[in-house]
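Note sheet for the following structure.
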Amino acid sequence: MTELRFDSDGLIPAVIQDHLTNEVLMVAWVNKEAFDLMKSTGYTHFWSRSRQKLWRKGEESGHVQEIISIQTDCDADTLLVRVKQTGPACHTGSPSCFSETVYGSLDKTMNIIPELGRVLADRLENPKEGSYTCLLYADENKMYKKVVEEAGEFVLAMKDKNDDEAAWELADLIYHIMVAAKKSGLPMEKVYEKLAERKK
């Protein structure tokens, strides 16, 4: 393994990502002991610069982070840790510590995927009257037919080389696939695993 380059204080920054969505959850500092604990326990451990002590994420809140993978950058001075997050990552109760937009817009980014996923999960657990998503959840035949219907409309829009229409139909297709996957409980880890087999 590449030897990590800790700074003069014996620390290295760690970027923590959700393993399913790639959403950045938080950034924290890791020393050698915390790094060794992460590898031996399979859960994130950090060094608190303010409290000058080791801590395990979720030791008080229960919002632990099970480690799926740890990578380092090309300079070996930053860690990228993909985790299975239990509960919210941020102490404020937000899913991610990065919740405030200080410049630009998230409208044209993949940020919508985890946001939409959380809405779909909430509609499944807490049905809301008048919700189209809940209507689909209640009628599986309609839910599955919509996936087929939207796939056909997307293909036709692509064939017509109409980017605006194709974007609209692809958004519809992605939404309806996400609804069906959420209702069925399909584990996305299995989907990603199958996608990895297609790297040919």
So, does [X] use its side chain to make a donor-acceptor pair with the main chain of [Y] at under 3.5 Å?
X: Tyr192; Y: Leu20; value: yes
X: Ser94; Y: Cys90; value: no
X: Glu165; Y: Asn162; value: no
X: His19; Y: Val83; value: yes
X: Asp18; Y: Asn22; value: no
X: Gln52; Y: Arg49; value: yes
X: Lys57; Y: Ala89; value: yes

Can [Y] be reached from [X] by stepping across I, L, V, M, F, W or Y side chains whose heavy atoms are under 4.5 Å apart?
X: Leu116; Y: Met110; value: yes
X: Val191; Y: Met178; value: no
X: Ile174; Y: Trp168; value: no
X: Leu195; Y: Leu173; value: no
X: Leu136; Y: Leu170; value: yes

Exercise for review: Go through Thr72 and Arg5 one step at a time and tell me if the side-chain contact (heavy atoms from CB on, under 4.5 Å) criterion holds.
Suggested key: CA-CA 10 Å; Thr72 185; Arg5 296 174 56 189; over 6 Å; no
Is there side-chain contact between [X] and [Y], with at least one heavy-atom pair below 4.5 Å?
X: Pro88; Y: His63; value: yes
X: Leu54; Y: Trp47; value: yes
X: Leu79; Y: Ile70; value: yes
X: Phe46; Y: Ile16; value: yes
X: Met158; Y: Phe154; value: yes
X: Ile12; Y: Trp29; value: no
X: Tyr43; Y: Gln65; value: no
X: His176; Y: Met143; value: no

Rounded to the nearest 0.5 Å, what separates atom [atom1] in [X] from atom [atom2] in [Y]?
X: Asn111; Y: Thr109; atom1: CG; atom2: OG1; result: 4.5 Å
X: Arg82; Y: Ile68; atom1: CZ; atom2: CD1; result: 10.5 Å
X: Leu186; Y: Ile177; atom1: CG; atom2: CD1; result: 11.0 Å
X: Asn31; Y: Phe6; atom1: CG; atom2: CZ; result: 7.0 Å
X: Thr101; Y: Leu106; atom1: OG1; atom2: CG; result: 4.0 Å
X: Glu23; Y: Gln85; atom1: CD; atom2: CD; result: 10.0 Å

Check your understanding: What pairs of residues pass the ring-ring contact (aromatic ring centres under 6.0 Å, His included) test when at least one of them lies in residues 84-122, not counting sequence neighbours?
Key ->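 Every pair satisfying ring-ring contact (aromatic ring centres under 6.0 Å, His included) with a residue in residues 84-122: there are none.
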Practice item. Determine, for Trp55 and Arg51, whether the Lys NZ or Arg CZ falls below 6.0 Å from the six-membered ring centre while staying within 45 degrees of the axis. Key: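 Arg51 over Trp55 ring: yes.
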[X], [atom1]: over 12 other non-hydrogen atoms inside 6.0 angstrom:
X: Asp164; atom1: CG; value: no
X: Met188; atom1: CE; value: yes
X: Asp163; atom1: CG; value: no

Revision key, fill the gap. Heavy atoms of Pro127 and Cys134 approach each other most closely as CA-SG, 3.7 Å
Check your understanding: Residues two or more places apart in sequence or in another chain: which of them pass side-chain hydrogen bond (donor to acceptor under 3.5 Å, both in side chains) with Lys182?
Key ->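 Listed in chain order: nothing, the list is empty.
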Exercise for review: Please assess Tyr137 against Ser131 for the test side-chain hydrogen bond (donor to acceptor under 3.5 Å, both in side chains), listing each intermediate value before the final yes or no.
Suggested key: CA-CA 10 Å; Tyr137 283 153; Ser131 163; over 6 Å; no
Applying the side-chain contact (heavy atoms from CB on, under 4.5 Å) test to [X], which of [options] qualifies?
X: Thr41; options: Met38, Lys39, His45; value: His45
X: Arg123; options: Leu120, Asn126, Val119; value: Val119
X: Thr44; options: Val81, Leu37, Leu25; value: Val81

Check your understanding: Does the pair Lys32/Asp36 count as a salt bridge with the N-to-O cut at 4.0 Å?
Key -> yes
Point to revise | Side-chain ion pair, Lys146 and Glu153, N-O less than 4.0 Å | key: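 Here Lys146 does not pair with Glu153 in a salt bridge, since their nearest N and O are not under 4.0 Å apart.
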Point to revise | Steps toward side-chain contact (heavy atoms from CB on, under 4.5 Å) verdict (Leu11, Val30) | key: CA-CA 5 Å; Leu11 301 174; Val30 173; over 6 Å; no
Practice item. For the pair Leu4 and Asp77, evaluate side-chain contact (heavy atoms from CB on, under 4.5 Å) and give the outcome as yes or no after the intermediate values. Key: CA-CA 6 Å; Leu4 297 179; Asp77 61 3; over 6 Å; no
